[in-house]
**Student:** 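Let me give you the structure first, and then I'll get to my questions.
Heavy atoms only: backbone and side chains are in, while hydrogens, waters and symmetry mates are out.
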Amino acid sequence: MRSGASIGTAVLATVAASGTASPLREHKNRGDALTGGFRLAYALSATFVPVSLLVALRTSRSDAPAVERAPSDATATAG
C-alpha cells in the first residue's frame, strides 16, 4: 500500500514539474507556470479515484464461492 502511494506521488510530482517546465521554456510568467503545472497534477489525481473505483468494481466477483474455514486444532481436539 505504501509503495503504491509513493509511486502515485512520484507520478504526480513529475506531471507537475513537466507541466511547469513547458510554460517556463516559452518564457511565460513563473506564477502562471506553477499554477498550470499543479492544476494539471490535480486534474490527473482527480481521475485516479473514479478509474480505480471502476477497476475495483470490474474485478470484484460477487459470484465467487464462499470460503469454508478448516476447523482449528482447539475445536478438533475438544470434541
**Student:** Looking only at heavy atoms, which two atoms of Leu12 and Ala41 are closest? And how far apart?
**Tutor:**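 Between these two residues, the closest heavy atoms are CD2-O, 3.4 Å.
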**Student:** Taking the hydrophobic residues Ile, Leu, Val, Met, Phe, Trp and Tyr, and joining any pair whose side-chain heavy atoms are under 4.5 Å apart, which ones share a cluster with Val49?
**Tutor:**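 Noted: Val49 shares its cluster with no other residue.
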**Student:** Enumerate, atom names and distances included, each donor-acceptor pair closer than 3.5 Å involving a side-chain atom of residues 21-40, sequence neighbours excluded.
**Tutor:**
| from | atom 1 | to | atom 2 | distance (Å) |
| --- | --- | --- | --- | --- |
| Ser22 | OG | Ser18 | O | 3.4 |
| Asn29 | OD1 | Gly31 | N | 3.3 |
| Thr35 | OG1 | Gly31 | O | 2.8 |

**Student:** If you count heavy atoms of other groups shown closer than 6.0 angstrom to OH of Tyr42, is the number above 12?
**Tutor:**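 Result for OH/Tyr42: open.
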**Student:** By the rule that ILVMFWY residues connect when side-chain heavy atoms come within less than 4.5 angstrom, directly or transitively, which residues belong alongside Leu57?
**Tutor:**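 Hydrophobic cluster check, Leu57: joined to Leu53.
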**Student:** For Pro50 and Thr47, work out which heavy atoms get closest and say how close.
**Tutor:**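 For Pro50 versus Thr47, the nearest heavy atoms are CD-O, 3.4 Å.
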